[in-house]
Amino acid sequence: MGMSVAELKEAARELGMPAFTGSQIAQWLYDKHVTSIDEMTNLSQKNRSILNEHYCVGAMAPIDCQRSQDGTIKYLFPVRCSSIETNDTQFVETVFIPDGDRGTLCVSSQVGCKMNCLFCQTGKQGFHGNLTAADILNQIYALPERELLTNIVFMGQGEPMDNLDEVLRATQILTAKDGYAWSPKRITVSSVGVKNKLKRFLDESDCHVAISMHSPLHEQRMSLMPAEKAMPIEDVVALLKQYDFSHQRRCSFEYICFSGLNDTLAHGREIVRLLQGLECRVNLIRFHEIPCVDLPGADEQRMEQLRDFLTSHGVFTTIRASRGQDIFAACGLLSTAKQQEHSEKVTQTLRESDANTQRK
């Protein structure tokens, strides 16, 4: 999993098989979703045996799930990413959101996050590693509700542009004819705005883009989002205005509302000024409280007032429904810190046991 058709063909040739074997493997992986090489029955027994000596499918089932009263399901996946701190087992959370005939999957791209946005629980976890394309795809591949998916959003744990190579690899497999064959219009990749990386994503991908704004004011946004210092929202919007979003590709802005802080009409006027001339939409989001962060969420009336102001001034704006808050699956609440701590304790216990055995 995570290899392109070209890479699968090359792997087949290196093992003495015809190149078309790579195409067959791709079909078994990305169309039929097999869990073992032995299930690839149009490959000869000899070739399956050779493949088993060198490769495995790489699918890993979720090890836990939580179900919200609103139907949202949060899964816990083990991942293979190499940690910058430890070689312990890593985990990420993935959220499936059913909504009528739509099924949206919120996938993670990193364990933790470097961006450290004030209002986000993932940032409080710190950064522990980048997911590989296989790690990202496995959240889809091994999802029990996979057949119900209509959309994928890269809005889980991590900053996608900070792991751009693997995110692009995953989206290319998702949209490739010999991969999942999805339209790029079914995929949205979010970002706080990472200098140089955002432009590369816009040039190399046709997927939708969602920018975390949260304030149109430089100083205030920097107090909420340290990434503002490296790539100010003014620069992000200036870059976006160089691209065409008037057809199928969509540009949106995520905006968590804090009472009296960023939900005023003065902020609305700044948003209108900032986005003038850019085909886009704004999604207003309720703030979900996290420990040790003293930020008040805006009430419904203030959010509706801001929505109506922006819409009346030509900026299409919606209030996003909050889903999965009771299982900590809503926006800004994802974190695997506790699982990480548990894994580290287990690993330390095993190390101490091994050391005692060696002493004996």
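Taking hydrophobic clusters as Ile, Leu, Val, Met, Phe, Trp and Tyr residues chained together by side-chain heavy-atom distances below 4.5 Å, Leu217 does not share a cluster with Ile233. With hydrophobic clusters built from ILVMFWY side chains whose heavy atoms lie under 4.5 angstrom apart, Met222 does not share a cluster with Met231. Tracing side-chain contacts under 4.5 Å through hydrophobic residues (I, L, V, M, F, W, Y), one never reaches Leu284 starting from Phe316; they form parts of separate clusters. Follow the hydrophobic side-chain contacts under 4.5 Å out from Tyr75 and you reach Leu137 in the same cluster. Both Tyr243 and Met213 are part of a single hydrophobic cluster, where members link through side-chain heavy atoms under 4.5 Å apart.
For the pair Arg250 (side chain) and Cys207 (backbone), a donor-acceptor distance under 3.5 Å is absent. Between the side chain of Asn138 and the backbone N or O of Asp135 there is no donor-acceptor pair closer than 3.5 Å. The main-chain N or O of Arg48 is found under 3.5 Å from a side-chain atom of Asn52 such that the two form a donor-acceptor pair.
A side-chain N or O of Glu228 and one of His218 form a donor-acceptor pair less than 3.5 Å apart. For Asp70 and Ser68, the side-chain atoms include at least one donor-acceptor pair closer than 3.5 Å. In this model, a donor atom of one side chain and an acceptor atom of the other lie less than 3.5 Å apart for Glu254 and Asn283. A donor-acceptor pair shorter than 3.5 Å cannot be found between the side chains of Gln220 and Asn262. Side chain to side chain, Gln157 and Gln125 meet the donor-acceptor criterion of an N or O pair below 3.5 Å. Thr35 and Glu39 are linked by a side-chain donor-acceptor pair at a separation below 3.5 angstrom, with hydrogens and angles left out of the test. Inspection of the Glu279 and His247 side chains reveals no N or O donor paired with an N or O acceptor under 3.5 Å. There is no side-chain donor-acceptor pair under 3.5 Å between Tyr180 and Asp31.
Counted within 6.0 Å of CD on Gln301, heavy atoms from surrounding residues, nucleotides or ligands total 12 or fewer; the atom is thus considered open. Crowding of Glu10 atom CD: a count of heavy atoms from other residues, nucleotides or ligands under 6.0 Å exceeding 12. For CZ of Arg102, the number of neighbouring non-hydrogen atoms (other residues, nucleotides, ligands) closer than 6.0 Å is 12 at most. Remark: Gln248 CD is loosely packed, at most 12 non-hydrogen atoms of other residues, nucleotides or ligands lying under 6.0 Å away.
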Can you list the steps and then say if Thr104 with Val153 is a side-chain contact (heavy atoms from CB on, under 4.5 Å)? CA-CA 7 Å; Thr104 300; Val153 294; 4.0 Å; yes
Take Met60 and Phe77 through the test side-chain contact (heavy atoms from CB on, under 4.5 Å) and record every step on the way to the result. CA-CA 8 Å; Met60 295 190 292; Phe77 280 97; 5.8 Å; no
So Asp263 and Arg302, salt bridge (Lys or Arg N to Asp or Glu O under 4.0 Å) or not? Walk me through it. CA-CA 7 Å; Asp263 63 344; Arg302 294 288 289 267; 3.0 Å; yes
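A salt bridge links Asp165 with Arg200; the closest basic N to acidic carboxylate O contact falls under 4.0 Å. Comment: Glu7 engages Arg169 in a salt bridge, judged by a side-chain N to carboxylate O separation of less than 4.0 angstrom.
Of the candidates Lys114, Lys195, Lys197, Asp162 forms a salt bridge (charged side-chain N to carboxylate O under 4.0 Å, His left out) with just one, namely Lys114.
Within the structure, every pair that satisfies the ring pair (Phe, Tyr, Trp, His ring centres under 6.0 Å) test and touches residues 136-162, not counting sequence neighbours, is listed here: His33-Tyr141.
The side-chain heavy atoms of Glu159 and Gln110, taken from C-beta on, include a pair separated by under 4.5 Å. Side-chain contact between Pro62 and Leu76: absent, with no pair of heavy atoms (C-beta onward) separated by less than 4.5 Å. Side-chain contact between Val189 and Phe201: present, with at least one pair of heavy atoms (C-beta onward) separated by less than 4.5 Å. Taking the side chain as every heavy atom from C-beta outward, Ile285 and Ile319 never approach each other to under 4.5 Å. Under the 4.5 Å side-chain criterion, counting only non-hydrogen atoms from C-beta, Ile187 is in contact with Thr175. Residues Val272 and Gln276 are not in side-chain contact: their nearest non-hydrogen atoms beyond the backbone lie 4.5 Å or more apart. Side-chain atoms of Ile25 and Leu51, non-hydrogen and from C-beta on, do get closer than 4.5 Å to each other.
Contacts of Phe245 classified as ring-ring contact (aromatic ring centres under 6.0 Å, His included), with partners at least two apart in sequence or in another chain: none.
Closest heavy-atom contact between Met3 and Tyr30: O-OH, 2.9 Å.
In this structure, His214 and Phe119 have perpendicular ring planes: the angle between them is above 60°, well past the 30° mark.
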